[in-house]
Every structure is written in C-alpha cells, then in structure tokens.
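All values derive from a computational prediction rather than experimental measurement.
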4 protein chains.
Amino acid sequence: MVIVLKPHTAREARDQFIKELECYNGVSAHITEGSMVTIIGLVGDTSKVDQDFILAHDIVERVTRVQEPYKMANRKFHPKDTVIALKNGLTIGGDQLVVMAGPCSVESKDQIIEVAQKVKASGANILRGGAFKPRTSPYSFQGLRAEGIELLLEAKAATGLPIVSEVMSVAQIPFFKDVDIIQVGARNMQNFELLKELGHLDKPILLKRGLSSTIEEWLMSAEYIMSGGNEQVILCERGIRTYETFTRNTLDLSAVPVLKHLTHLPVVVDPSHATGITWLVEPLAKAAIAAGADGLMIEVHNDPARALSDGAQSVKPEMFDGIMTSLKRYADMEGKHF
Amino acid sequence: MVIVLKPHTAREARDQFIKELECYNGVSAHITEGSMVTIIGLVGDTSKVDQDFILAHDIVERVTRVQEPYKMANRKFHPKDTVIALKNGLTIGGDQLVVMAGPCSVESKDQIIEVAQKVKASGANILRGGAFKPRTSPYSFQGLRAEGIELLLEAKAATGLPIVSEVMSVAQIPFFKDVDIIQVGARNMQNFELLKELGHLDKPILLKRGLSSTIEEWLMSAEYIMSGGNEQVILCERGIRTYETFTRNTLDLSAVPVLKHLTHLPVVVDPSHATGITWLVEPLAKAAIAAGADGLMIEVHNDPARALSDGAQSVKPEMFDGIMTSLKRYADMEGKHF
Amino acid sequence: MVIVLKPHTAREARDQFIKELECYNGVSAHITEGSMVTIIGLVGDTSKVDQDFILAHDIVERVTRVQEPYKMANRKFHPKDTVIALKNGLTIGGDQLVVMAGPCSVESKDQIIEVAQKVKASGANILRGGAFKPRTSPYSFQGLRAEGIELLLEAKAATGLPIVSEVMSVAQIPFFKDVDIIQVGARNMQNFELLKELGHLDKPILLKRGLSSTIEEWLMSAEYIMSGGNEQVILCERGIRTYETFTRNTLDLSAVPVLKHLTHLPVVVDPSHATGITWLVEPLAKAAIAAGADGLMIEVHNDPARALSDGAQSVKPEMFDGIMTSLKRYADMEGKHF
Amino acid sequence: MVIVLKPHTAREARDQFIKELECYNGVSAHITEGSMVTIIGLVGDTSKVDQDFILAHDIVERVTRVQEPYKMANRKFHPKDTVIALKNGLTIGGDQLVVMAGPCSVESKDQIIEVAQKVKASGANILRGGAFKPRTSPYSFQGLRAEGIELLLEAKAATGLPIVSEVMSVAQIPFFKDVDIIQVGARNMQNFELLKELGHLDKPILLKRGLSSTIEEWLMSAEYIMSGGNEQVILCERGIRTYETFTRNTLDLSAVPVLKHLTHLPVVVDPSHATGITWLVEPLAKAAIAAGADGLMIEVHNDPARALSDGAQSVKPEMFDGIMTSLKRYADMEGKHF
C-alpha cells in the first residue's frame, strides 16, 4: 500500500500517523521524502488495512493499494488452475470445454425437455434454464419459480445433462438442492448476504459479472463465497454497461485472459446476454474460445418468437447446431474438447 | 410502441404479424410503408407488450417504446407531487427540505448519540446510520447489524430524530419495525425479491440509484415497490459509475430535474457517497438544492480518522454546521424550509 | 511516482533498474521491501519521467504517478485565481459572472443581431455564435464559416458585446483576429496541433471538455496551450458521455469544485449542450453557480424550430430572460455580479 | 423517422407541423393516433431531415431515426465487401489477412529498419510507425515528424513493406505523398476538417474509432471521407473508454461482426492500444480473427524498455514471431491467408 501525504505535513503529525499504521500486525512503513511530496510505502500483510480509514486522516492526500485485496481467489497464492468436477464427471476449468445451453426461462415440461434433447444432440454438456427470473418490470413474466426447478430436474432426468439455474434470494436456496450449479445473476453480484449463504454450500456457483463491476470487485465477490468455505466458483463474463447502444451490453473479452492471469478460477462467457442479438452469438463464441475461455453459456429456444423472456437473443436449435460445429474446431485448436 | 420491419418483408408475414400484435387487448397497429422501410405504430395499452417478444420475430429489425413502462411512478398519471409524512410530522417532497445526517456505520452508543445530538443542533431533521453494511470485501467491518439498529433507536429516543438505515435482505426486515425510513442501497436497487417484500410494508422506502442504472430502470424499481401497495418511495441520487477517477462516482445532478419531470416522487441527493471527498460535499449540496432536490443525505462522523467505514467522505460536526448554515440560505431561495 | 516490482525480482535487475532511474536529473529512488512486494518511491522532478518507459521494463508490475503531470495549470504552483480581462473591461474568473449566450449557429445578419440585442437586454455579457460548425453528418449544415464570423463582428459592433466562436482547424485561425474568445470544441480537446497554435496567440481560449476526457487529460490540454505562452485559458464543462440516454450527455457538476481545487483557471458550464433539453437549462444553470462556476454558456435562438442546428436545446429570448432573473439571485448569493 | 407528439397536442398544430414536414422532397408523413400518444411515421428519403430541427418544435416529445444516417458506408446500398488493393498487390478486406506491425514511434533509421525486417520475417505484410505523435502531455516526445516519415520510406525501400502512419492535421498531408495508408487516430476521428481533406485524396485511410464513439458516429466519420470522393476507408477498432481500469481501454470485439453487418468496409483490430499490456496481445489478436476481423495492428519494438513512447504495450520481435505462428492457424480456420 502506498500513501501520499499532503505537502507541508508537519513532522510530528507524520510520525504520529506512522505509529498508528504500525499498530497493524505485521505491517511496516517506510518513508520516501521529496521536496514536494512524501510517500509512505506500507508492506507486510496489508489486507486488513482499510483504505478509507487511511484516507480519513487530514494529512493524507492519496492512497493506492499495490497488492490485490483478494487472497483465496488470487493466482499468486494458488498458482494451479481450479478444476471443478460435477457429479456426472464433467469438469470445468480443465481441458474440457463446457457449453451451457437452454432457454432463458423454463416455460413448460415439453419445452424444456425438447430443448434439452436438442442441445444435447448438438454437443452441449450442461442445460441452462431460468426458473426465478430477475425482470426489470414488475409487470413482466417472473418465471415459473419452484415449479421451473422441478421441470429442469425432469429434463435432467430425461437427458442426463447437469443443470444450472439462477437463485435470486437466500429464501430460494432450498429449491436448488438437486441443481448442479447455482447461478448468481449480474444484478446480484454484490448481494453480499446471498453470497455469504452460498459460501456455506458444497456446490459450484456460477458468478456473473455485475453490469458495471470492475474485475477486482468481481473477484472480491468470489472471495465472499470462497471465504465462507465454498471454493467452487465459476466466473461468467456477460457484458458490461457502456455508452454504446447497438448491442445490449459490451462484451469485455479482454476480461478472459486478464482473469486467467489474476485468478485460478474457471471463466465462461455468455455472448447471448452480452449482445442481445442472435447473429452475434457465433462470432463472439468463437472469439471467446480463442481468448481462452473455459466454456460458454448460450440461450437456445425452440420457438424464440413465442419465448416468455429474451426471445430476441435466443438462437433456434438448428442455428445452435451450426454454432457447435464451428466451436468444436476452435476448441480443437485450443487443445480442448467437449 | 414503434416497430420497424426488415426491408423486403413479405406482405403475408407482415399481415400475420399484425394479427398477432392485435391479440393484445386494447392494442391497435397502424402501418406506415416507405420504399426502404416499413414502420408499425402500436398504440393503446402497450404496457403489457414485451419488447423482447417483438424483437424475436425474424421480420423485425428494431423496436422502440414511446410510452414510459412505469405507471404508478409516472407523473403523467399522478400529476401532483407525492408528499410523505413521518410520524413526527416531518414531510418529504413538500416545502420542507430534509437533511439526513449521521455516520456511515453505527459503531457504539456514545458515537451515535453524540453525532445525533450534534447534527440535530445544526439543523438536520433525520438521523442516518448504517447497521447492516454492504462492503466490497468480506474482510471489512460488516456493521453491528441488529445491535446497530438498537443503538439507532436509542439515539432516536434521545434526540427525537426519525431514523433511516439500510436493509440488505428480506430476512433483516423484521429488525426495521421501528425504523422510520428503510433504505435500499445502490447494489440492491435491482434486488427484485427484496423490492417485492418492501412493497408490502407501510413504511417509506429510500431507494438509491444503482451504480449504473438508467433513470428508467430506477423508476421501474420504484414501480416494483409501489405495485406491491407501498407508494411511499423516496428516490436518492448517489452518483453513477463513469470513466472519471478523481471522484468515487459522478454525481448526476441533471437526474434531479429529470425525475421531477417524470415522476411525482420525492428526490434527495447524497453528495458524500457520490464524491467520496469531504470538501466536495458543500458545493454539491448547494447545487443539489438549486437543481430542485427535496433533501440531502450527508455523512457526518465525530472522528472520521477512526471511522470503521467510509471515513474519507465523512465531514466532522463543525464542518457540517457550516454546511447547514450555507444550505439554509439556498433553501430559502427555493422557498423551502427545514 | 511509485513503482511496484514483480514478486521475486532478482536483486541485480532491481539495482540495475534503479541506476537507470537515477539517470534522470534531480530524481532519487527509495526502496521499500516487503515479503511479497517491492515498492520504489521516486521523488524530485518526475515530470519528465515517462510512465510507459517505466512500465516497459520486464520487472515492473505497476506504476502510479503521485504528482500532477501539469505545472502551469496547477494551483499548487500558482495559488492565485487567474482573472482574464477582455478589452471592454469584462473579467472572467473574478467576482463577475459571465453569461455567454446566443445561437448554436450564426444564420443571418438579422438573426444574430436580434438575438444579440435580446440577450444583452436580459443581462448576458458575451455573445456566442457558431460560424465553423462540427457536425456528425457530412450532410448537415456546416455553418456560414468565414461569413458567420463577419456577421458576429457586426453584432458585436451593434451591441458592444464581446464575442466567442469555435475554431476547428489551424487554417481558420486568421479569421478570428477580432473575435474576443476562441472556443475549442469538445471533439478538438485533444487536437494537439491546434492547441499548439493557439498557444502562440495572445487571446483567451475557451477549452471545452472532451466527451470522455478525464479532468487530468483536460488540464493537460490546457497545459498544451499554456506551455506555448498563452496562459489565458477558460475551462468549459459541457457534459460527459455515460450510459444514461435521457439527457444527451451527463453534466458533471462535481468537475467545477474539483477544478477550482486543482487549477487557478476560470471554469464555466454549458448546460445547453450537456443536456440537449431546454427545460433543464435553468435548474442546471442555477446548480452550476451554486457549485462555484465563474460563468455559463447558454444557447438562445429567436426561433428554435427553424434553427439550422441544435434547435432542440435552444431557449427562446423570453425564457432566457426568466432564467437570467433567477440566475442573478444565485449570483448574489455567491457574492458575484454580472 | 418516427416522431412522437406530446399528449393533448391540438389538431391544428399537428396538421401545420405535418405540412412543414412534407416540404422535404420525397418525404411523406403518416399518423398513428392513440389515446395517450400520437406517432408520426416519416418515410421516403429522410437523410436530409434534421432530428434537432424536429425536436425544436414545442409539440414534439421525441424523435427516433429508423434508417441509418450513412449511405456510402452502408451495406444496404453496397452489399459487396469493399476490397482495397495497395500498389504492391496486397489486398485489405478480401481473403488476405493484413498484419500491420511496427513501433509506436519511429526513433532512428537503425531502429525502424531492424523492426521492419524482423516483422516482415515473421509474416507481417504492412509496416506501422508513428512520425507525428499525439501525446497527452506537451512535455512528452512528439515524434520525429517529417523526418520520421523519411525513415519509414527508407524502411519501405529496404523491405518492400507498404507503410501506414498517422496524420494529425491538414498541414501535414503533403508529407504523406508516398505513404501507402494514412491513419486517422482515435482523437481525430471527429476532426471533420481533416476528414474532409482526406476525402479528396486517392489513398486508403485507416480510421481509428474515437475513444467514446458509437459505431454509428464512427461510420458517419467514414461517410465524411467517402462523401468527398475517397471510398478507400479501413475501420480500426482500438478499444473504448469504460469504467474498467485494469486495461487501458476496453476492446469492443463485438464491433467487428456488427461492422461487417452494417458496412462493406474492411475492419482491423489493434489489441496493443486497446489493452496497453503485452501479454494480452496474443489472446485478443486470436479472438479478433475469430470474430471476423480483416486484419490486425500490433506494436513491435526491438527494445521496449527504451522505446520513446508506449513501450509498455510493445511486444519484442521474438514474441511477435510466436504470435504470428499462432495467428496463422486462426487465419487458416477462417479461410484467410497472409
């Protein structure tokens, strides 16, 4: 941590401040004095030192953290890739490429089983489907909720595909007992009470990036889950909010190699939500693999024009089949298989 | 709602699509045909028409909503300002200017009572204080939680000031029985399960703007609460996320007159969280009043350099006293009083 | 400047690097060594040290500048406010409040003289008008160009108001001989060749903030002009680009007190371009004065619905007259006069 | 174009407005009337209709353009890909993949010739190098300017590689007589006076995306050049400004397939400037090809730690050689060759 003092700080105030800093266990402070500026370098275990606490001192002009504030998610402390194994043997984060495909919302038994069979036939290895739906408008379809989870489990039974679905509150967690991966949506990335509870489960969590979250904040949210004991976190880039209006969000593919550098956790990409446009799914799915992603999440609906949510970004099963053919060639190139 | 069809759409596909649109009760469709473009104007009650559903049709190029998707929060349907009255008679949204002042976190009985007395003496009419704290890091102080609420109630008893504090989950709601205003933080603005529950209370809700929420999304979140039956919603602008790094967020003061135009709900401004810098609080608080705000939320701490959270942006009681003197003159100018 | 080295950097590489750093005249380096991190504090005159040059060393993880990279624009070196005096005695940056009002584009002699007379009658003290117009589309009206400047000069002769108009290229500078203030538009804020040329003039330059420029970049552009010898720079906040779409841009009023803190240069605010909506001009103009602005730029057109550019944001003379009445009261409050 | 009128607009005002609209040649207006809203659909050649002009009418609430405002750059009017041929036979926009490699700044004859030979040996087919340099600080190295162009021409003579270099003002254009491709930098994307001049040349222009430009604004800038007569425009995505601070900018790879959809012009990607980090160049260059880019621009410097600009993002020739090997496999996959 680096602290810059205001110009003309009195020596006594400075010395008093340094004494205070050294009250932190295992932290030591070193002064670099210039004519216009005084810099204090703070080294040791600074993860407990609160930046706001430092800044609140009148003599401080600026504070910069130079070490990452996350530990369990940090590749520096865990150099080896985390590989998460599902019950059916599928692994995420290793040399298998996961494709999570399915409808935005589960709508009926027929719909979800039909989609599940088709995406499986095309090579998808996980079924996605929304039961509890975060909708901007209170007047929009809110999902089949508990019943939707039941239908997903029937589709799992029918096809053998593991399932992933989104949880929106602590009270809903019990419904997810047999769900293979619990998704935390972008709007809940900093729902800390929810993250804490998920930290007590023994189940993989797919953590989507918040609409305007920095990579560091995202890793701090992963740290919330991990520090509770659950180290099975999968990160999912799904586009960030920018000024550009042509696409729904701006897919940040540089986040993929950046995350692979900073953390040992698996990284998947959701081009459907990122762009909101079906014809962008294929080129960006290919690009995601090329950038090093461990998997993809793709919305597939048997009848997008009758979908109860997000029809605009759902590809049809035939289109998905074409996408998978093309993705397989890219996976090969990256030494990965489905 | 306006729908633009793709060029060269077949007449039958178009007619079939229009039939489908007119299945919505009370909606009628009118065609404007040009050489390069076909536009469908959809009028009537389009609030139930799902934009995504429309976009998912292959023949559709673009959809634009031309009426606001919110109703209860919409000034067009409720031209008169909403004025919320607290039990002690204080009103929000009328000609009283509310100032909610107090520490970021409640830390001890002495601290909160001391701050409460001081801000009251300076003219604040509501006490703020965090009990349940949303912190980016799991390793930071998470608030005194239920005990913090108790201490706030003691400060309320000691000073007579109504209190406002943040709720972070449905499970915490019971602790807020005697809290005067429940705050929803920026990170929970789209925590829809929480909003729904708050919609069933008979208590004012202070809804902070999400870090990267549009004004329309914000009003849709207000609509979630209102459509549940609770129409006492206060909107709080607290800065949005932009590329600028000098301030913690960018305070969007144009949101104040824009909201006053679009909605009848009261609007307050939080310059402390918006900027993260104490010396910016006064000029921006004055500007907020000039822009038409109904109130302010300001962080005040008796000893910022020892605050357990957000010390950097907390002003000291003496500084707050000076700010209040200056705000009173601006309130006068706008025909408001404390 | 603070440099963080990569973990496990060899001692020799580090020492070699420090020797290199100390080749800069008047710079000295101090090492703070922790178990996980090595920090080098660089003090002295680091304004010539290139951050990119440092970062390009393999052993460097991160570099942070702790001193502002601008000097002539820096209040630390010039604590006193710069007050710019025009030929007619009007001052900018002192206790006079300037209001630059007029049409987006100069369209005809009658139009510009009529508007000039009306805004003068309402209290404006500078006439604005666009002759060379930056338009997004090559098919839009590009301004009357040199002829527009002639008409502005006629309006100046008729009313005695000093004039401000935008320059778009070095080749146009000669036309501005008798223009009182030359404006650099947002899109040219980093047109460095133009800034250099303007640095050789003896004439006030109104430098608008770029659409997505940080405050620091903006001050560096002011520094370009000042380092050429022309220290008469006026900064104009005109809204930044964010994800919010209701207003054309997001007016960043916190920039006003931030600039007053960082620099001694005058600061004016343009609520017309920032919002693009006439009914937002008055509340935001008042807020700008409350935030500490030295002046305003407001678009006024005698017949907005027939304006050749930006009619949507132009107020009519009568509305402007009402705005001025209200602004005078705010100016009084801030101890300023017109 | 779609125009929404304010509620309760008088019939006469509406009819008068429609008459005005129909004064535009070849434009016709159709009314859709609802109980709460009146929509006017405007069809025909609306490219000359000014949105601001419409909005300035008191009775208008909102205007939306439904047809693209660009024509010459629009794929709807020119379905076939534009393929630009350089004098040495290299083509851009067809099935050749172009790689423009070289240093940020030309620094000396030895440097530029050495880099040119090395990048050519690795497979690059165009040499890039900055002579006129846009630098944020007036105190940074501003490039060798005219002499830099001379050195580039020597490197071209020595290696046979065509060259691309950035122009910063109209006055510099004569120096580019023998330069193969003229680059317009991000900061000049809306320097309209420069674009107009470049429109009169018979030479390919590489137009970088502005730091916060929408795709539509970018295409309008291409339209400026094309409407002057020069249709040889190459678009270069180089990252946009967002709130994320880990990378210098956020590379918007969805822009690649979006542009391929909207326009017939070639699209290249610059991962070096977008990220500012050498180890991100390879994964994002691969991703760019997967997303459909026609080429890449990559910074290569023989000695980055001594580069006079942007050393931090320059790869060394050996690293570049490895990147090229990997890119060739991706090019093959997309049916492209160097």
Side-chain angles (χ1 to χ4, degrees), chain A residues 64 68 209-219 237 239-262 267 269 271 274-293 326-334, chain D residues 64 68 209-219 237 239-262 267 269 271 274-293 326-334:
Chain A
T64 314
E68 295 83 9
R209 182 180 189 174
L211 268 81
S212 64
S213 296
T214 61
I215 289 172
E216 188 170 295
E217 288 168 341
W218 190 8
L219 289 171
E237 161 66 28
I240 58 172
R241 186 153 275 187
T242 70
Y243 64 84
E244 175 62 63
T245 53
F246 192 90
T247 45
R248 194 157 73 163
N249 295 285
T250 297
L251 183 65
D252 178 12
L253 279 184
S254 28
V256 176
V258 168
L259 286 170
K260 293 308 249 179
H261 179 82
L262 297 175
V267 180
V269 171
T275 63
I277 298 174
T278 50
W279 52 265
L280 285 173
V281 172
E282 179 167 349
L284 293 174
K286 295 192 310 188
I289 298 178
S326 142
L327 295 188
K328 275 170 200 157
R329 298 167 55 223
Y330 274 83
D332 278 352
M333 191 101 111
E334 292 293 319
Chain D
T64 314
E68 294 83 8
R209 182 180 188 174
L211 269 82
S212 64
S213 295
T214 61
I215 290 172
E216 188 170 297
E217 288 168 342
W218 191 7
L219 288 171
E237 160 66 29
I240 59 173
R241 185 153 273 189
T242 70
Y243 65 85
E244 175 62 63
T245 53
F246 192 91
T247 45
R248 193 156 74 164
N249 295 287
T250 296
L251 184 64
D252 178 12
L253 279 185
S254 29
V256 176
V258 167
L259 286 170
K260 293 309 250 179
H261 179 82
L262 296 175
V267 180
V269 171
T275 64
I277 298 175
T278 51
W279 52 264
L280 286 173
V281 172
E282 177 167 351
L284 293 175
K286 293 192 311 187
I289 298 178
S326 144
L327 295 188
K328 274 169 200 159
R329 297 168 54 224
Y330 273 83
D332 278 351
M333 190 100 111
E334 294 291 320

* Without swapping roles, check the side chain of Y243(A) against the backbone of S213(D) for a donor-acceptor pair under 3.5 Å. => yes
* Asked: Quick one: which of L280(A), V281(A), T247(A) gives a side chain to side chain contact (heavy atoms under 4.5 Å, CB included) with P257(D)?
  -> L280(A)
* Under a 4.5 Å heavy-atom cutoff, which of T275(D), V258(D), L262(D) has the most pairs with chain A? -> V258(D)
* **CD-CD distance between E217(D) and E244(A), expressed to the nearest 0.5 angstrom** => 8.5 Å
* To do: Would you mind telling me which of G292(A), P283(A), A285(A) has the largest number of heavy-atom pairs within less than 4.5 Å of chain D?
  => P283(A)
* Name the orientation class of the two ring planes belonging to W279(A) and H261(D) (parallel below 30°, tilted from 30 to 60°, perpendicular beyond 60°). => parallel
* **M333(D) and K286(A): CA distance, side-chain angles, deciding distance, side-chain contact (heavy atoms from CB on, under 4.5 Å) verdict** => CA-CA 11 Å; M333(D) 190 100 111; K286(A) 295 192 310 188; over 6 Å; no
* To do: Please determine, among E334(D), E282(D), R241(D), the option with the most heavy-atom pairs under 4.5 Å with chain A.
  => E334(D)
* Asked: Is there side-chain contact between L251(A) and L253(D), with at least one heavy-atom pair below 4.5 Å?
  -> no
* Engaged part of S212(A) at the chain D interface, taking heavy atoms whose separation is under 4.5 Å -> both
* **Contact leader toward chain D among A291(A), S326(A), A290(A), where contacts are heavy-atom pairs under 4.5 Å** => A290(A)
* **Most chain A-contacting option - heavy-atom pairs closer than 4.5 Å, from T245(D), I289(D), V256(D), I240(D)** => I240(D)
* So what's closer than 4.5 Å to chain D heavy atoms on I215(A): side chain, backbone, both or neither? -> both
* Given a strict heavy-atom distance threshold of 4.5 Å, which part of I277(A) is in contact with chain D: side chain, backbone, both, or neither? -> neither
* Asked: Just wondering, do T250(A) and T242(D) contact through their side chains at under 4.5 Å, heavy atoms?
  -> no
